[in-house]
There are 2 protein chains.
Amino acid sequence: MTLRDEISEQPTVIARLLASARPAVEAIAAEVGPRIATGEIDLVVVAARGSSDHAAIYAQYLVGERLGLPIALAAPSLLSIYGAEPRMGRALVVAISQSGRSPDVVGVVESARRQGAPTVAITNDPASELAGAAAHVVDLAAGPERSVAATKTYTGQLVAVAMLVEALAGRDGADADLAGLPDAIAAASDESERAVGPVAARLASHDRLIVIGRGFEYATVRELALKLKELARVSADPYSTADFLHGPLALVEPGLPVLAIAPSGRAAADVDAVLERLAGLGVERIVISDRAEALAAATAGISLPAGLPDRLMPIVSIVPGQLLALHVALVRGIDPEAPRWIEKVTLTR
Amino acid sequence: MTLRDEISEQPTVIARLLASARPAVEAIAAEVGPRIATGEIDLVVVAARGSSDHAAIYAQYLVGERLGLPIALAAPSLLSIYGAEPRMGRALVVAISQSGRSPDVVGVVESARRQGAPTVAITNDPASELAGAAAHVVDLAAGPERSVAATKTYTGQLVAVAMLVEALAGRDGADADLAGLPDAIAAASDESERAVGPVAARLASHDRLIVIGRGFEYATVRELALKLKELARVSADPYSTADFLHGPLALVEPGLPVLAIAPSGRAAADVDAVLERLAGLGVERIVISDRAEALAAATAGISLPAGLPDRLMPIVSIVPGQLLALHVALVRGIDPEAPRWIEKVTLTR
């Protein structure tokens, strides 16, 4: 099972997850949904590390938009380094970890249970310490992920978050949107296999680049930058387009490519405005989008399937990025199966 | 008034702020402190952008450690792009903005007031729209900051956050710790003026580097990376040491320097462990610390004054970083007064 296999497997993994996670998600919604409605629960706390932290960022936007609740991304160090246990008695606490073995993430869940908060573990190992610590477990059932770089478990985590939030929101029609994901991922994958080769060749000579996007896609921006770092050893610097204008824009110059995640939706106009400004500065712009006009205005483009609501697009828009990072690694002569120095499971306290 | 002047001014600015902000901070503590004690307020929401976002990260750790409350970093896009107004009725809402003019940050405060939440603006312009929108204003009174890169307003924001949190925590002795800050900043500044020249010369040939630290110093890590980007056009990549081990470690190789913020305190052992691992990989390690042994183990070091509690050290430990970014810019032949493409005030929606 290679990294490429794990990327290719995603439509199957997601289709399976949409069915298998349903009972767990419905049990959580039945317990927690009414307590959100009464205001007894008025906060979501998410604990995660690494790629899972990007799933937490996705949750931040989705929970804000769909549930109207604030979301605190737990700083696990607070507990593990400073011994502080923030009040979580009125929170739904969600821990996200592929392996379920990060002691600091487990610590947040244990603290939450001591305080009587409902807890959910989203993990690929239902026998893990994290799963044991949480009251509810959403098993990603993605099969073993042998590559050090997370791919199918990342998209799985996003789907689990989306299923959970939509179930808590109780929205009609959400299931139909979710059901379209496996085909959309397959379409993005097929299209990317055709398109990423020339883009990877173009990027391979660069040791650094910038990745931008906004709103729901900020998670994709962060995750794509991490894939480029761990697989292809490219210093990829991720920004929300809003933060990008507060300083980092000064970095930009011809020779420093910018990769934009720019699908249709409510954030598109903002990303387009930044891309237009970058075009004026003579900067190379690689755009991942389902919009023909955004692709046409780019130096190079990778197209996404159309028709998904913007809140679900991050589950699809990362797939071209995964393949791009893989191909940039190959062009650079780096073995993507064996990133240097790191192990699959990192036990941070 | 040059950037260097604004950096040098910090002991004066902070000494003034410690006195001038006292009445506002006490008024907030008198109103909000009892409501935290009863549990009526059980969350802090912070809204910020750019350097101010790093002050928000500092607040995240300080609020967690001192008040035991979770903190949600508001994603201003949720409101401005998606029209979502997360529930903030049980939150203390703190907005941090040098100019007080970012419309998306103002929007979060307006939404909080509509919901009846206590609101605080930490800003350098008490006549700004943000100050007008908030119920309470902590005026940084730092004088005009003409340089595009924030320096004295950043340390001022950290001091305002520390004063506010300590007042809410009602801890005896906090004032004595705070009172030591102006001298500590002056000492760090004097020492850095001597030490940064050779370090800047060593770093100037690198287009990219990595900045690491943990816990309270994660804010410093992020802010130093931003200064290196906007002033010296170096792609500086910031990480908590815990996240760094989850993937980005693969980037590391001789020729990619690592800058570590490693003062004494509860996070020191973790940072030291990563530095030791990097030493084994033959990587250049620039260390900013008050600990002789950490400085001795580094390729190059910049020393910090000793004796501050770790929770206040970020107000001092950024100062060598500000001077380092300034000097790297000068060695690279870049005018630090005029970063390319960006303006002092960025009006993101």
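Here is the naming used below: chain letters follow the sequence lines, and residue numbers restart at 1 for every chain.
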Toward chain B, the part of A:Val44 with a non-hydrogen atom under 4.5 Å: neither
Region of B:Ile36 in contact with chain A, defined by heavy-atom distances below 4.5 Å: both
Inter-residue atom distance A:Arg49.CZ - B:Asp243.CG, 0.5 Å rounding: 4.5 Å
Most chain A-contacting option - heavy-atom pairs closer than 4.5 Å, from B:Leu79, B:Asp53, B:Leu78: B:Leu78
Test salt bridge (charged side-chain N to carboxylate O under 4.0 Å, His left out) applied to A:Arg90 and B:Asp42, step by step: CA-CA 8 Å; A:Arg90 302 173 57 93; B:Asp42 58 6; 3.1 Å; yes
Straight-line distance of B:Tyr218 OH to A:Ser77 OG, nearest 0.5 Å: 10.0 Å
A:Ser102 OG to B:Leu245 CG distance, which is reported to the nearest 0.5 Å: 10.0 Å
Minimum heavy-atom distance between B:Ala267 and A:Tyr82, given as atom pair plus value: CB-OH, 4.0 Å
Separation of B:Leu43 CG from A:Arg87 CZ (nearest 0.5 Å): 10.5 Å
Engaged part of B:Ser240 at the chain A interface, taking heavy atoms whose separation is under 4.5 Å: side chain
Spatial distance of atom OH (A:Tyr61) from atom CD1 (B:Ile81) [nearest 0.5 Å]: 9.0 Å
Contact origin within B:Leu69 toward chain A - heavy atom pairs under 4.5 Å: both
Salt bridge A:Lys229-B:Asp237, side-chain N to carboxylate O under 4.0 Å: yes
Chain B contact via A:Asp310 - side chain, backbone, both or neither, heavy atoms under 4.5 Å: side chain
Leading residue by heavy atom contact count with chain B [cutoff under 4.5 Å; candidates A:Asp207, A:Val45, A:Leu226]: A:Asp207
Separation between OG of A:Ser80 and CZ of B:Arg214, rounded to the nearest 0.5 Å: 4.5 Å
Largest heavy-atom contact set with chain B, pairs under 4.5 Å, which of A:Pro70, A:Gly64, A:Ala225: A:Pro70
Chain A contact via B:Val63 - which portion, at a heavy-atom distance below 4.5 Å: neither
Region of B:Glu85 that comes under 4.5 Å of a non-hydrogen atom in chain A: backbone
Donor-acceptor contact below 3.5 Å, side chain A:Gln60 vs main chain B:Ala72: no
